[in-house]
> 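Below is a structure I'd like to ask you about.
Keep in mind it's a predicted model, so treat the numbers as computed, not measured.
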Amino acid sequence: MTTLSVELLAADPVEPLTSAGHAQLGTAVLVGIAVIVLLITRFKLHAFLALTIGSLALGAVAGAPLDKVITSFTTGLGATVASVGVLIALGAILGRMLADSGGADQIVDTILAKAGGRSLPWAMVLIASVIGLPLFFEVGVVLLIPVVLMVAKRGNYSLMRIGIPALAGLSVMHGLVPPHPGPLVAIDAVGANLGVTLALGVLVAVPTVIVAGPLFSKVAARWVDVPAPDRMIPQRPSEELERRPGFGATLATILLPVVLMLAKALVDIVVDDPEHTVQRVFDVIGSPLIALLAAVLVGIFTLARPAGFGKEKISGLVDKGLMPIAGILLIVGAGGGFKQTLIDCGVGQMVLEISKDWSIPALLLAWLIAVAIRLATGSATVATVSAAGLVAPLAADMSTAHTALLVLAIGTGSLFFSHVNDAGFWLVKEYFGLSVGQTVKTWSIMETIISVVGGGLVLLLSLIL
């Protein structure tokens with residue numbers, strides 16, 4: 001297992017903006033995070049503004065010139081948006097195309113037609129995991145809610161037995177698997193290999209979602225035995241369509257970017273020659289930008305066209321996909337700015353120096369930091385980008401596999417115990433018609449299981465790899 005050691009200090013230190021001592025820098029970090037937490041939780045300020053103000057507060061307390069702090073923040077913001085902004089945008093377009101064309105409904109209906117009885121919770125996990133790959137968590141919830149309510153009501157199943165597996169599938173994808181914003185930002189911050197992270201993320205995700213989904217749903221259904229709420233089930237997108245894309249074509253489109261990125265990672269391992277033609281080709285087609293762009297372009301012909309969409313409708317789909325992500329892009333960018341401010345103030349080097357004699361594994365430290373920020377802010381994305389900024393220097397001497405595991409440790413920690421300061425908590429509560437206590441017993445515990453089981457698997461893998 002990779003632990004914090006003296007060897008990590010061999011990494012080239014970042015020239016700090018300030019020569020402040022450890023006590024002052026530690027205070028600056030606590031003040032910066034406290035400002036972010038207070039603004040988000042107490043004053044309900046948007047996370048983008050909170051991260052921006054928190055970065056300035058961090059620099060000011062650290063004693064850095066504010067003009068240089070602003071430069072650090074804007075540099076980090078620009079670099080983060082440049083590296084992951086286009087990927088988030090392409091993922092959003094693909095997700096919107098999948099939803100509006102009826103492709104997601106086609107996958108749902110096809111799998112449900114072959115499932116029944118005891119296999120339904122497992123079918124819901126499969127559905128949520130597949131369509132959750134290109135969709136943001138909130139979009140996935142809204143898309144799956146009609147299916148969950150309909151299946152539970154028509155089959156007279158406990159809502160938790162059907163709903164928890166679907167939520168688990170979406171949540172695990174959101175926290176661990178690129179191209180979701182959190183994992184992408186963490187990969188960029190610590191310099192991890194995307195293909196290796198994707199492969200290990202899927203390896204961790206499968207057993208995690210099984211435990212937190214179908215298995216825990218049995219317990220959750222006993223704790224909170226509620227039927228689907230008696231209210232109008234939301235309309236599904238495909239109900240207004242005369243036709244929709246086929247199951248095979250839809251599934252192939254969703255998995256295309258994953259296959260291309262994993263193929264690149266495999267070729268890098270097998271060929272291991274940057275000048276080899278095969279590796280150079282896969283370095284291009286397996287890059288996240290090209291992989292997602294290819295999926296979007298293929299989706300026009302496999303999703304949009306079969307649904308009967310013309311050129312204007314397809315153009316409108318792109319607009320609809322891009323509009324909701326402005327806030328996400330700004331939060332992710334501001335998180336990158338906060339990370340860069342931490343690094344440039346010398347906080348990363350401070351973490352290395354004060355922890356060189358600790359016996360705590362670096363992966364566990366990353367998990368704990370993400371857990372603390374998640375509990376305080378309620379945002380998995382804020383927890384991921386902030387924790388990644390703090391622990392990025394720890395990746396300096398890590399192997400490729402362990403750097404990827406560092407990303408996953410942060411991702412699993414960022415999902416720990418969703419509660420009243422998390423928008424997802426209220427989304428689940430209102431859609432399922434639960435009380436606050438019932439939501440804690442089901443949704444919050446499920447998120448904690450994902451975090452603990454996933455984090456445990458990451459630590460186990462670190463002993464093997």
Side-chain angles (χ1 to χ4, degrees), residues 79-98 103 129-135 173 176-206 245-246 248-306 314 318 321-322 395 398-408 411 461 465:
T80 302
V81 172
S83 61
V84 304
V86 176
L87 306 184
I88 293 173
L90 290 171
I93 294 169
L94 181 60
R96 174 58 63 180
M97 201 177 294
L98 177 69
S129 300
V130 171
I131 72 171
L133 275 172
L135 293 175
M173 292 295 114
L176 299 182
V177 182
H180 287 279
L184 282 177
V185 172
I187 287 168
D188 178 64
V190 306
N193 180 287
L194 189 142
V196 174
T197 308
L198 177 58
L200 292 176
V202 172
L203 188 62
V204 171
V206 172
T250 303
L251 187 61
T253 305
I254 294 173
L255 296 179
L256 177 61
V258 177
V259 171
L260 291 177
M261 287 188 281
L262 287 178
K264 174 189 178 301
L266 184 62
V267 169
D268 286 346
I269 294 171
V270 174
V271 179
D272 195 22
D273 179 7
E275 299 302 318
H276 196 284
T277 303
V278 173
Q279 184 164 336
R280 292 178 67 181
V281 169
F282 275 88
D283 281 345
V284 174
I285 65 174
S287 66
L289 174 63
I290 299 300
L292 279 167
L293 179 61
V296 170
L297 295 178
V298 168
I300 293 175
F301 299 98
T302 58
L303 300 174
R305 290 293 191 187
I314 294 172
V318 174
L322 292 176
M398 286 184 176
S399 65
T400 301
H402 278 253
T403 306
L405 291 175
L406 184 65
V407 171
L408 298 179
L461 281 174
L465 300 176

> OG1/Thr197 to CE/Met261 distance, rounded to the nearest 0.5 angstrom?
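The distance works out to 10.5 Å.
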> Can you check whether Leu292 reaches Val296 side chain to side chain, under 4.5 Å on heavy atoms?
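No, side chains not in contact.
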> How many angstroms lie between atom CD1 of Ile314 and atom CG of Leu303, to the nearest 0.5 angstrom?
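The CG atom of Leu303 is 10.0 Å from CD1 of Ile314, to the nearest 0.5 Å.
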> Do you know the tightest heavy-atom contact between Pro257 and Ala291?
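Of all heavy-atom pairs spanning Pro257 and Ala291, the closest is CB-O, 3.7 Å.
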> Quick one: does Ile187's side chain get under 4.5 Å of Pro178's, heavy atoms only?
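Contact flag for Ile187/Pro178 side chains = yes.
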> With rounding to the nearest 0.5 Å, note down the distance linking OG in Ser287 to CG in Leu293.
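The distance works out to 9.0 Å.
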> Taking all non-hydrogen atoms of both residues, which atom of Leu200 and which atom of Ala404 are closest, and how far apart?
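Closest pair (atom of Leu200, atom of Ala404, distance): CD1-CB, 3.9 Å.
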> How close do Glu275 and Arg280 get, counting heavy atoms only, and between which atoms?
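Looks like O-CD, 3.7 Å.
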> Is there a side-chain contact between Arg96 and Leu322, using heavy atoms and a 4.5 Å cut-off?
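Heavy-atom side-chain distance check fails, nothing below 4.5 Å.
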> Which atom names give the shortest non-hydrogen contact between Thr302 and Pro245, and what distance separates them?
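Of all heavy-atom pairs spanning Thr302 and Pro245, the closest is O-CB, 3.1 Å.
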> Supply the atom-to-atom distance Thr80 OG1 to Ile88 CD1, rounded to the nearest 0.5 angstrom.
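Going from the OG1 atom of Thr80 to the CD1 atom of Ile88 covers 9.5 Å.
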> Does the side chain of Met97 come within less than 4.5 Å of Ile300's, by heavy atoms?
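Result yes, sub-4.5 Å side-chain heavy-atom pair found.
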> Could you tell me which non-hydrogen atom of Val258 sits nearest to which non-hydrogen atom of Ile254, and how far apart they are?
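Nearest heavy atoms, Val258 then Ile254: CG2-O, 4.5 Å.
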> Can you name the side-chain contact (heavy atoms from CB on, under 4.5 Å) partners of Thr403, sequence neighbours left out?
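Thr403 satisfies side-chain contact (heavy atoms from CB on, under 4.5 Å) with Val190, Ala192, Ala395, Met398 only.
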> Indicate the atoms forming the closest heavy-atom contact of Phe282 with Ala263, along with that distance.
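Looking at all heavy atoms of both residues, the closest pair is CE2-CB, 3.7 Å.
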> Nearest 0.5 angstrom please: Leu256 CG to Leu251 CG, how far?
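Between Leu256 CG and Leu251 CG, I get 11.0 Å after rounding to 0.5 Å.
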> Roughly how far, to the nearest 0.5 Å, is CG of Asp283 from CD1 of Ile290?
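Spacing of CD1 (Ile290) from CG (Asp283) equals 12.0 Å.
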> Decide yes or no for Leu94 and Leu98: does some side-chain heavy atom of the first lie under 4.5 Å from some side-chain heavy atom of the second?
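A side-chain contact is absent here, since even the closest heavy-atom pair is not under 4.5 Å.
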